[in-house]
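The block underneath contains the structure these notes are about, expressed in structure tokens.
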Amino acid sequence: MLDSGGAGAKRRDMSDATSLLQPKPWISGIAPYVPGKSAGADGRPLVKLSANENPLGTGDKARAAFRAAADDLARYPDPGAAALRQAIAARFGLDPARVIYGTGSDELLHLAASAYAGPGDEVVYVRYGFAVYEIAARRVGATPVVAPDKDYATDVDALLACVTTRTRVVFLANPNNPTGTLASREEVARLHAALPADVLFVLDQAYAEYLSPDQEDGGLELAKSAPNVFVTRTFSKIHGLAAERIGWGYASSEVIEALHKIRAPFNVTTCGQAAAVAAIGDVDFIANSREHNAKWRAWLAAEIENLGNHGLRVVPSAANFLLVLFEGKVTAEMMNARLMEAGYIVRWLPGQGLPHALRMTIGTEEETRGLAAAIRAALEG
Ligand SMILES: *Cc1c(COP(=O)(O)O)cnc(C)c1O
């Protein structure tokens with residue numbers, strides 16, 4: 001019988017209303033993503049080497065396209081991002097109908113987990129994998145399964161050993177963040193070949209543009225033919241468009257169709273689409289960014305390795321950052337504090353099982369030289 005709400009009816013005490021609201025238990029279990037900081041505790045701006053952004057900024061062509069597109073802000077963006085899909089497809093020899101775009105590749109990673117995993121299912125990734133994978137799994141009620149690493153690198157056999165009949169999605173960032181390590185084309189192919197056909201293999205190539213041609217992992221080639229491979233890319237890293245939040249992905253028509261059903265409508269802005277189209281065509285900016293990164297990554301790694309016997313170790317990196325392990329008297333926490341005092345913010349990762357490590361983005365020449373000097377001063381001081 002309907003409660004008429006009359007004098008005899010029990011009324012909820014409205015002060016209790018918030019305590020009655022309960023997020024789903026799998027949502028309550030999520031530890032929020034921690035973004036890279038850009039200012040010290042006192043608000044002082046610091047040299048930000050904590051979010052793997054492009055130290056050369058945004059290319060002139062992308063910036064000009066962004067500005068031109070800003071003339072018409074009253075209309076919704078192209079919901080199908082046709083020009084963007086066309087530009088990506090032309091650049092990589094892909095079918096534009098199978099290119100999907102997201103509000104950052106983050107959205108695409110979440111879509112993959114949402115479409116293919118749920119309560120009772122398992123989502124597998126390596127220890128020291130990208131922090132978003134755990135959130136993407138938990139958000140849909142799936143169980144994250146973490147495979148052991150091999151001295152910070154991806155261990156394909158360990159990953160495969162974690163795959164069960166409940167596994168629905170395997171995430172692999174290649175190069176990986178926060179370690180910077182690269183799984184070879186052979187290892188990626190071997191992993192895919194051994195995965196059951198009902199497991200979606202999400203190959204997150206956020207840093208692929210930093211690789212030399214001989215390092216490429218063959219992911220897009222796999223995604224062209226395999227029904228269960230989803231490759232994701234981003235405009236946030238080498239393309240210098242992190243502020244616009246644009247990512248893209250490639251997979252079979254079936255996978256792309258499923259993901260389109262659940263992505264947000266109008267998920268990539270007009271200015272973002274225009275800037276991304278220009279960015280992907282700006283081959284000089286991309287090449288300069290890659291060369292700058294390779295040069296100063298090698299320089300910084302050598303500087304750190306030559307610091308003497310302080311227990312610092314650089315994990316071999318194929319990305320635009322270095323993971324530095326602190327295995328001596330000076331801890332990563334101490335170094336992090338000293339660098340912050342010196343005006344540099346890097347990424348200390350205790351929440352990701354790496355309290356003994358700092359991830360350092362390769363900055364401009366001046367920033368990189370300054371960082372190396374600050375590290376040296378902190379060890380000697
Ligand atoms: C930075 C990063 C991304 C994506 O970032 P978006 O800005 O959301 O495109 C995805 N995966 C990894 C491994 C990253 O480091």
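Note that ligands are numbered from 1 as they come in the structure, with each ligand's atoms numbered from 1 the same way. Any value given below was found using the heavy atoms of this structure, including those in side chains, with hydrogens, waters and symmetry copies removed.
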For Asn52, does its backbone N or O pair with a side-chain atom of Thr361 as donor and acceptor, under 3.5 Å?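 It does hold such a pair.
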
Atom CD of Glu366: over 12 foreign heavy atoms under 6.0 Å: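 Open: at most 12 neighbouring heavy atoms sit under 6.0 Å from CD of Glu366.
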
Could you label the plane-to-plane angle of the Phe130 and Tyr33 rings as parallel, tilted or perpendicular, counting under 30° as parallel and over 60° as perpendicular?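 Rings of Phe130 and Tyr33: perpendicular, as their planes differ by over 60°.
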
Assign the ring pair Tyr76 / Phe266 to parallel, tilted or perpendicular, where the plane angle (0 to 90°) is split at 30° and 60°.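 Judged by the thresholds at 30° and 60°, the geometry between Tyr76 and Phe266 is parallel.
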
Output yes when Glu122 and Arg168 qualify as a salt bridge under the 4.0 Å nitrogen-oxygen rule, no when they do not.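 The answer is no: the pair does not qualify as a salt bridge.
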
For ligand 1, give me the residues whose heavy-atom distance to it is below 4.0 Å, by chain and number please.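 Lining ligand 1: Gly104, Ser105, Asp106, Phe130, Ala173, Asn177, Asp204, Ala206, Tyr207, Thr234, Ser236, Lys237, Arg245.
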
Assess the pair Phe92 and Trp248: is the distance between their ring centroids shorter than 6.0 Å?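 Phe92 vs Trp248: aromatic centres under 6.0 Å.
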
